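Please read these numbers as outputs of a predicted model, since none were measured by experiment. We use all heavy atoms of the structure for the numbers below, so side chains are in, but hydrogens, waters and symmetry mates are not. Chain letters run A, B, ... following the sequence lines, proteins first, then strands; residues in each count from 1.
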Amino acid sequence: MLRAFRSELLKVRRTWLLVGTFGPLLAFSVISVVVQFQLAYKVGPVLQRAGLQSREDLALSDGLARVLVDSAAFGGVIVVVLFATSYASEYGWGTLRNLLVRQPDRTSLMVGKFFGLIDLIFVGRFLASIFAVIAAVVMSKVQDIPMNAWFTPEGLGALAHSLVNLMLASIGWASLGTLAAVIFRSPGAAVGSVLAFFPVEGLVNAWWSDGPRWLPGQLFDAVANGGSAATSYGRALALTMGVSLLALFIGNLIFNKADVTA
Amino acid sequence: MGSGLCQSVCMAVLKASIDSSSKDWAALDNAVETTDLTKAFGDRVVVDKLNIRVPKGMVSAFVGPNGAGKSTTLRMLLGLIRTTSGSATILGGSIDNPRSYLPRVGSLIEGPAFYPGLSGWGNLEVLAALGSLQKSRIPKVLELVGLEKRSRDRVARYSLGMKQRLGVAAALLPEPDLLVLDEPANGLDPTGIAAMRVLLRRVADAGTTVLVSSHQLIELQQVADWVIIINLGKLKYQGELAALLEETGSTLVGVDDSKDVDRLAAVLRDAGYQPVAAGAGRLRFRVTHGTPASINRLASEAGLTLTELHSGHSSLEDIYFEMTDGGSIA
């Protein structure tokens, strides 16, 4: 597994992969922070319920943490697409057969690759957070929102906790992307399926009142937000890890059983 | 060539040679040995109870028409697809446990496959890391295939021939005991093909067993020691290539009038020769005894004037066509 992990780290140096992963993560973070601060003075109780932050919210000690979590809203899409593309491309390019000859233990290969890619995501999330914090500091000055409370021990603790939560939620999205890739074995089909997942889950969530407690995407978001109205943080985290392990277990079964004809 | 008569007689000859050479197999140490190896995709049997031997230290040519089951067989040997039934031993390890032998195998299957965004060197680094191979092998194999000057270029900028050479370099990376190559000469120019032939010979002479599947039969004939011919998933022939070519030696004779071909065939048959193909005033038969002069004499005594008389061996290409129904797609 360590060999597969090290090998994956060499692969993620590809320029398009770095640009395609970090670019959107950083861009969405900064844009989201700017929009949040621009809208803050308009946010009343109705928009607060919709998840937007008011000026008063932003000035709280966890204001920066809230900004960070909201700025990472698109992160799940990026993670799931990255994993679906990366695994499925091994089939598409035919590189999987090279990898399996050098590492016939398919479970090791799959898990090593997973950890290699999740490392990339963690680095991307960390960099995006730094950019988000810088953007937030600049925007707080522009919008004249006090930020003294952000850099207190309490504020920094909330920020660190949010960053960890974002990374934990990424594991859930990553496992779904991996499963889609192993099932569809084609980058186009895998990405199409994971992108279709979002509106489909949205529809199910609208129809099923218990959706926020059980649907994977809702649980991952609950983890990222440190809990939600529908579920506690601990429950969301436990179910997210359960869903991730189940997805990887099923993916591994398929990966081990399926012939590599590509 | 390829007539029913030719096929039936050739098959009889080849069957005899399979039987005779089977005595030699036992004495050979095999790098690969399959027993009733079978692969079916649903109801379609692609490889059908295949029993092949790849002797150690030789270059073995694995030939057959498209869809004959060559790539499927190679994929099974490399653990990429599972067998439906049967067994195989590769470098002493069971096909059911590819981990036991794959570290000593290098392969290039169905064309080169690399990450286009990485350089040639970078792609080899990935494989070296995955296989716990010495990085110091990378410049050596790149030099072997003549890619050392372009190794830092992205693979996306490589021509097909360069990718093919990189594929061979990747296969050589682990210093394999067994090298499995599927169409290694694809996309290579004539110089590259000749260089590939030299490389395969050199690798085999250094003790590596080479199993090469290719449609470049003329090239294979120059480099292979052993030949395995399959069609429709079944073994048609395996044995030493030189012996096969020797055994399928034939003489071509031609007469003025195409109607005389039947008379000439009867005369030769009476003299104990075996015609293997006929048509358009020409007759090909197997040489088992006598000389071209004695054949000429027989024809003359029968009042037939020969306009052509050539003796020689069949090529691997001739034999391939005869054994695979003209090389038609399965």
Of all heavy-atom pairs between B:Ser132 and A:Arg3, which one has the smallest distance, and what is that distance? OG-CD, 3.2 Å
When B:Gly122, B:Ala170, B:Ala171, B:Gly111 are compared by non-hydrogen pairs under 4.5 Å with chain A, the top option: B:Gly111
Using side-chain heavy atoms (C-beta onward) and a distance below 4.5 Å, is B:Leu133 in contact with A:Arg102? yes
Is the number of heavy atoms from other residues, nucleotides or ligands under 6.0 Å of A:Phe198 CZ greater than 12? yes
I'd like to verify something: which residue of A:Gln103, A:Lys11, A:Lys257 has the highest number of heavy-atom pairs under 4.5 Å with chain B? A:Lys11
A:Leu109 versus chain B, heavy atoms under 4.5 Å apart: side chain, backbone, both or neither? side chain
For the CZ atom on A:Phe131, are there more than 12 heavy atoms of other groups (residues, nucleotides or ligands in this structure) within a distance under 6.0 Å? no
Heavy-atom pairs under 4.5 Å with chain A: which of B:Leu78, B:Asn97, B:Leu118, B:Leu102 has the most? B:Leu102
Does A:Asp259 pair with B:Lys39 as a salt bridge, N-O distance under 4.0 Å? yes
Report yes or no: does A:Asn98 contribute a side-chain atom to a donor-acceptor pair with the main-chain N or O of B:Leu127 at less than 3.5 Å? no
Counting only heavy atoms from other residues, nucleotides and ligands, does the tally under 6.0 Å from CZ of A:Phe122 exceed 12? yes
If you count the non-hydrogen atoms of other residues, nucleotides and ligands that lie under 6.0 Å from CZ in A:Phe249, is the total more than 12? no
Contact origin within A:Glu8 toward chain B - heavy atom pairs under 4.5 Å: neither
Most heavy-atom pairs under 4.5 Å with chain B, out of A:Val260, A:Leu10, A:Leu9, A:Leu17, belong to A:Val260
Interatomic distance, CG@A:Leu96 vs CG@B:Leu80, rounded to 0.5 Å, equals 8.0 Å
Heavy-atom proximity to chain A below 4.5 Å, by part of B:Arg75: side chain
Closer than 3.5 angstrom, by distance alone: can the side chain of A:Arg97 be matched with the main-chain N or O of B:Glu110 as a donor-acceptor pair? yes
Just wondering, more than 12 heavy atoms not from B:Arg157 lying within 6.0 Å of its CZ? no
Over all heavy atoms of both residues, which pair between A:Val101 and B:Ser107 is shortest? Give the atoms and the distance, please. CG2-OG, 3.6 Å
Which atoms of A:Ser89 come close to chain B, meaning under 4.5 Å heavy atom to heavy atom: side chain ones, backbone ones, both, or neither? neither
